[in-house]
Q: 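Before I ask anything, let me first share the structure, which is written out below as structure tokens.
Given the structure is predicted, the values throughout are model-derived calculations rather than measurements.
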Amino acid sequence: MIDTGLVGSLGLLIPIVAVLILILYLVPLPLWIAAWASGAYVGLFTLIAMRLRRVPPGMVINARISAVKAGLDIPLNDLEAHFLAGGNVVRVVNAMISADKANISLPFKRAAAIDLAGRDVLEAVQMSVLPKVIETPRIAAVAKDGIQLIVVSRVTVRTNIDRLVGGAGEETIIARVGEGMVSTIGSAANHKSVLENPDHISKHILSKGLDAGTAYEILSIDIADVDVGENIGAKLQIDQANADKQIAQAKAEERRAMAVALEQEMRAKVVEAEAEVPHAMAMAFREGNMGIMDYYRMKNLQADTEMRGTIAGVGDDAPPPTSRK
């Protein structure tokens with residue numbers, strides 16, 4: 001009988017404990033007491049409804065308590081809606097508290113939009129208070145005298161809360177600053193003027209309003225380092241001279257080939273003309289215009305001409321010249 005009573009008591013106790021655990025889960029009394037004591041009162045049924053909506057009461061209520069203690073009145077429904085939309089409630093509230101302490105206007109809707117856009121709203125507020133320094137990579141530009149200059153600059157920016165949603169990021173700032181450097185150095189008469197007054201680069205770039213359409217406001221551009229690179233103008237002139245030389249050589253080779261072809265053509269015509277001489281002599285013999293004595297006189301004249309050419313060293317059979325000692 002005792003065993004049966006003990007088993008029955010345990011069987012009754014287990015459901016009671018389970019119901020108590022469920023009630024304590026649905027009704028977070030410590031959280032309700034903390035909210036009431038902090039002046040950010042939330043009803044018990046509201047906490048139960050948050051559990052049923054799968055909204056963690058602990059995170060939302062603690063964020064509301066922090067906002068109330070900082071003097072901010074953020075409706076609980078807005079905090080729940082932001083969490084259900086996939087936002088970070090704690091980060092948004094902390095950003096609003098930081099902005100309020102720094103006298104920066106940051107309504108909850110704007111802070112929530114920035115957070116849902118994927119940007120760190122708390123970091124953005126911190127950058128508005130403490131500006132960030134962005135160092136550009138080494139940017140090469142060429143002055144009008146052909147000398148290359150390699151410049152490194154540091155851009156001090158702070159967040160523009162109004163343009164944070166939809167504004168361009170750091171990559172755009174770096175690209176625009178690099179474009180401004182290339183344009184400024186390229187318009188300089190010589191590289192010495194840039195080395196003497198590097199602040200002209202930053203002033204010229206700042207005057208262009210490079211932060212338009214970006215999420216940042218450029219405060220200053222400081223030239224950190226300027227190095228002299230290669231003489232690009234001289235290299236280009238050398239390359240141009242080499243190209244002109246190759247073109248001239250190609251044209252000269254073309255003219256030589258044409259001259260060789262013309263010479264060969266003329267020789268062919270001479271050979272063709274010489275080939276007609278025997279035929280003309282035969283015609284002259286048959287027609288009686290040339291006698292045998294005329295033929296011998298012509299042969300003697302031809303032999304005499306060849307002999308003179310051989311002696312002069314200009315004929316085909318001329319001996320090679322001998323070196324004098």
Side-chain angles (χ1 to χ4, degrees), residues 23-134 155-170 172-173 211-220:
I23 293 174
L24 291 175
Y25 173 76
L26 292 176
V27 185
L29 292 177
L31 193 62
W32 176 75
I33 295 173
W36 174 75
S38 301
Y41 177 76
V42 180
L44 283 175
F45 290 104
T46 302
L47 294 176
I48 296 174
M50 291 175 64
R51 288 288 192 190
L52 297 177
R53 288 192 292 267
R54 296 183 180 181
V55 177
M59 180 179 64
V60 176
I61 299 303
N62 287 331
R64 175 173 166 77
I65 291 173
S66 299
V68 171
K69 286 298 181 181
L72 300 177
D73 185 14
I74 304 176
L76 185 62
N77 289 333
D78 292 344
L79 295 176
E80 285 191 62
H82 185 64
F83 174 81
L84 293 174
N88 191 320
V89 175
V90 176
R91 185 166 56 192
V92 169
V93 172
N94 291 337
M96 293 182 63
I97 294 174
S98 299
D100 181 70
K101 299 303 180 183
N103 294 325
I104 299 175
S105 176
L106 182 62
F108 176 79
K109 290 184 178 180
R110 182 175 298 171
I114 294 172
D115 184 61
L116 293 177
R119 295 185 180 271
D120 192 337
V121 61
L122 181 58
E123 182 183 357
V125 173
Q126 292 174 350
M127 281 185 60
S128 297
V129 178
L130 183 63
K132 179 181 180 181
V133 178
I134 303 173
V155 185
T156 304
V157 298
R158 66 181 176 191
T159 305
N160 191 326
I161 301 296
D162 296 333
R163 295 200 303 255
L164 195 59
V165 177
E170 294 183 12
T172 302
I173 293 290
D211 52 3
T214 66
Y216 302 99
E217 178 184 354
I218 297 179
L219 300 179
S220 66

Q: Roughly how far, to the nearest 0.5 Å, is the CD atom of E170 from the OH atom of Y216?
A: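 If we round to the nearest 0.5 Å, Y216:OH and E170:CD are 4.5 Å apart.
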
Q: Identify the two heavy atoms, one from I104 and one from S128, that lie closest to each other, and give their separation to 0.1 Å.
A: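 Scanning both residues, the minimum pair turns out to be CD1-CB, 3.7 Å.
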
Q: Could you walk me through whether V155 and V133 pass the side-chain contact (heavy atoms from CB on, under 4.5 Å) check?
A: CA-CA 6 Å; V155 185; V133 178; over 6 Å; no

Q: Between side-chain atoms of residues 92-99 and protein atoms elsewhere (two or more places apart, or another chain), which donor-acceptor pairs fall under 3.5 Å?
A:
unit_1 : atom_1 : unit_2 : atom_2 : d
N94    : ND2    : V90    : O      : 3.2
S98    : OG     : N94    : O      : 3.0

Q: Of all the heavy-atom pairs spanning L116 and A85, show the shortest one and how long it is.
A: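 L116 and A85 have their closest heavy atoms at CD2-O, 3.8 Å.
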
Q: Within this structure, what is the CG-CD1 distance for the pair L79 and I61, rounded to the nearest 0.5 Å?
A: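 Those atoms lie 8.0 Å apart.
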
Q: Just by modelled atom types, is the I161 backbone N or O under 3.5 Å from a matching donor or acceptor in the T159 side chain?
A: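 Looks like no, no N/O pair under 3.5 Å.
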
Q: Within the structure provided, determine whether R158 and M127 are in side-chain contact (heavy-atom separation under 4.5 Å).
A: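 The answer is no, as the side chains (C-beta and beyond) never meet within the 4.5 Å cut-off.
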
Q: Hey, mind stepping through V157 and E217 against side-chain contact (heavy atoms from CB on, under 4.5 Å) and telling me if it holds?
A: CA-CA 5 Å; V157 298; E217 178 184 354; over 6 Å; no

Q: Please report the interatomic distance CG(L130) to CD(Q126), rounded to the nearest 0.5 Å.
A: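 Reported value, rounded in 0.5 Å steps: 8.5 Å.
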
Q: Quick check: does any side chain N or O of D115 sit under 3.5 Å from a backbone N or O of N88, one acting as donor and the other as acceptor?
A: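 Checking the backbone N and O of N88 against the side chain of D115, a donor-acceptor pair under 3.5 Å is found.
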
Q: Would you list the atom pairs, donor with acceptor, under 3.5 Å between side chains in residues 66-78 and any protein atom, with sequence neighbours excluded?
A:
unit_1 : atom_1 : unit_2 : atom_2 : d
S66    : OG     : N62    : O      : 3.1

